[in-house]
Amino acid sequence: MNPSDFKGLLWRVSASFITLLCLLSAALWNGYPIVYSDTSSYLVSGFHLETLIDRPITYGLFIRVCSFNGWSLWTVVIAQALLLAYVTGLALRTIGFLNPWARTAIIGSTALLSGLPFVCGQVITDVFTPILVITMFLLLFAVNLPKRTCTLLFALFFLAFSTHMSHVSITILLLALALFIRLLLRQSTRVQSFWTTIAAMIALSTVGTLAMGVSLAKSKYSFYAAHLAEIGVLQRYLEEHCPTEQYRLCSRLGNIPHSADAFLWADDTPLKVYDSRQRMEAELGRITWATLKEPSLLAMQIGSAFKASLKQLVHFEIGEGNGSFGQGTLLHERVDTFIQSEIEAFDHSRQMDGPKFRNPVEAWNRVLNFVMACSTLAIVLLWIIKRKSLASNSMLLEISIFMVGALLINSAINASLVMVADRFGAKLAWLVPFLAITTITLLINPRNKASVQ
């Protein structure tokens, strides 16, 4: 390797290292990868090779492989950050940012001004939603990608798709969004490759959905029934039909909570009336379909879905559900079982000391709200004032529409099918400051304004 090649390699590696540090800043601040109650289930899934009732096995296997069979959870979040950095950096490159330090500046600034480090540094599937979105954008819109890059992107698409059941609906709507963008921009190039890519995605999605079929069969109606309980449709339906129908759930008619969380997970959950999951799913399935056939209840669901989707757009704060999981909790027990060498580090992380973790997070959330408001305003004003200049970069126009659409789709799917939660919004909310920073950088640096064809 000649000196110039070595210097170029060192330049790129240094930029990648700084990007990685920014993406892992939340975990580094915490002193250990951030955990959530669901982390416990994923650990069991991966290390016991068990498909659970409410989630596919894919992410559990990812944890096991990337932790080197229980050596460390640090390697899991490092792998997550590397994957997200790779696809995000590739997206920036297609826009025109060929300098690796320019890409580092944008991704690093986004990380330091958003909740992105919490998404990357948390041992949960949330990071794979943005990986899915950005990978789909690259495969559908990027031009002249090397074959090995496309192969890797298809593999990442399949991995990301298969980590969470919500990705089925999100992928379908993102494909529809991609078709809309093509019609909107009247693109005449890449027609054959575009349709070939869509066909390949549909095939991989079908395989992924079949792979998740066990979990879907076990819990597809219970989650939506929890949503119906939260918006009051379930209670109203049972009040009207329990006098004539023989539903087991009728025995709990007077105390069905208006909370999806309580309906699913509380100690006194109404679901305890069922003696088997098969009978539970069968009855909840009948109730769900019956509510869709009654105009008044269907109208309630549509109206609630619209309101919840709008509400979800302003719920994106970090730290939701990241409580202390000390001795006696199931998560502590499982970390001690599967990641034995790190139980001391786990116990001494900031997250295990409530105020030490919670107070800075609450303060940072106030900053995040301000950044999101400024970023949204900046994007709107820049596209109004500098529309012609920005539209000259076709990839910027496409990625802006696609990412904003993905943000809306993610909010609609999670809020209308399950519940409104900050964690659901945080997965993609960082795309707003990302687009704002990218757009401003393009305007400041004219060299990156050229359309990438």
Side-chain angles (χ1 to χ4, degrees), residues 36-38 54-55 110 114-116 118-119 122 124-134 136 160 163-174 176-177 223-234 257-265 298-322 361-362 364-377 379-380 400-436:
Y36 186 80
S37 57
D38 288 355
D54 56 349
R55 65 201 74 226
T110 301
S114 73
L116 179 56
F118 260 72
V119 177
Q122 193 167 180
I124 200 171
T125 58
D126 291 2
V127 69
F128 282 100
T129 301
I131 290 174
L132 175 74
V133 170
I134 299 171
M136 289 185 68
T163 56
H164 201 273
M165 290 184 287
S166 68
H167 291 173
V168 177
S169 302
I170 290 173
T171 298
I172 292 171
L173 293 176
L174 285 176
L177 174 63
F223 277 89
Y224 193 68
H227 171 70
L228 293 179
E230 183 154 290
I231 64 177
V233 168
L234 180 62
H258 287 264
S259 163
D261 266 337
F263 184 86
L264 290 169
W265 313 118
L298 177 59
M300 283 181 65
Q301 292 175 68
I302 294 173
S304 173
F306 180 74
K307 292 177 183 177
S309 299
L310 293 178
K311 187 178 179 181
Q312 180 64 76
L313 289 174
V314 295
H315 280 73
F316 46 78
E317 294 185 348
I318 58 174
E320 182 183 63
N322 300 129
V361 166
E362 290 177 354
W364 188 243
N365 276 326
R366 290 192 287 272
V367 175
L368 294 185
N369 281 282
F370 177 76
V371 170
M372 283 290 289
C374 291
S375 298
T376 303
L377 182 62
I379 291 172
V380 172
S400 297
I401 298 173
F402 194 81
M403 296 307 173
V404 171
L407 187 63
L408 296 174
I409 288 169
N410 177 68
S411 295
I413 293 297
N414 287 290
S416 60
L417 296 183
V418 187
M419 69 186 83
V420 174
D422 281 295
R423 186 172 65 85
F424 295 153
K427 292 190 288 186
L428 293 183
W430 63 271
L431 289 173
V432 176
F434 171 76
L435 288 174

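All values below were derived from every heavy atom in this structure, side-chain atoms included, with hydrogens, water molecules and symmetry-related copies excluded.
A426 and F316 make their closest contact through CB-O, 3.6 Å (heavy atoms, listed as atom of the first residue, atom of the second, distance). Closest approach of P433 and M372 over heavy atoms only: CD-SD, 3.7 Å. Nearest heavy atoms, A415 versus A308: CB-O, 3.4 Å. Minimum interatomic distance between A160 and F128 (heavy atoms only, all atoms of both residues): CB-O, 3.5 Å. Nearest heavy-atom pair across Y224 and S416 is CE1-O, 3.9 Å. Scanning both residues, P130 and V119, for their nearest heavy atoms gives CG-CG1, 4.5 Å.
Shown here are the side chain to side chain donor-acceptor pair (under 3.5 Å) partners of H315, two or more places apart in sequence or in another chain: there are none. The side-chain contact (heavy atoms from CB on, under 4.5 Å) search around T125 returns Y42, Y59, T163, H164, not counting sequence neighbours.
One distance of note links CD of E230 with OG of S304; it measures 8.0 Å at 0.5 Å rounding. To the nearest 0.5 Å, atoms CZ (F424) and CG (N414) are separated by 5.0 Å. To the nearest 0.5 angstrom, S37 atom OG is 7.0 Å from I124 atom CD1. To the nearest 0.5 Å, the span separating OG on S166 from CG on L417 amounts to 9.0 Å. If you take OG1 on T171 and CG on L177, they are separated by 12.0 Å, rounding to the nearest 0.5 Å. Atoms SG and CD1, on C374 and I379 in that order, are 11.5 Å from each other to the nearest 0.5 Å.
Only one option out of V133, L132, I170 pairs with N410 in a side chain to side chain contact (heavy atoms under 4.5 Å, CB included); it is I170. For the pairing with I231, the side chain to side chain contact (heavy atoms under 4.5 Å, CB included) check across Q301, K307, H258, M419 returns one residue only, Q301.
Looking only at side-chain heavy atoms (C-beta outward), V404 and L435 come within less than 4.5 Å of each other. The closest side-chain heavy-atom distance from M403 to V432 is not below 4.5 Å. Contact annotation: the side chain of D422 never approaches that of I318 to less than 4.5 Å [non-hydrogen atoms, C-beta and beyond].
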Walk me through it: do E317 and N369 pass the test side-chain hydrogen bond (donor to acceptor under 3.5 Å, both in side chains)?
CA-CA 8 Å; E317 294 185 348; N369 281 282; 3.0 Å; yes

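A donor and an acceptor atom, one from each side chain of N322 and Q122, are located under 3.5 Å apart.
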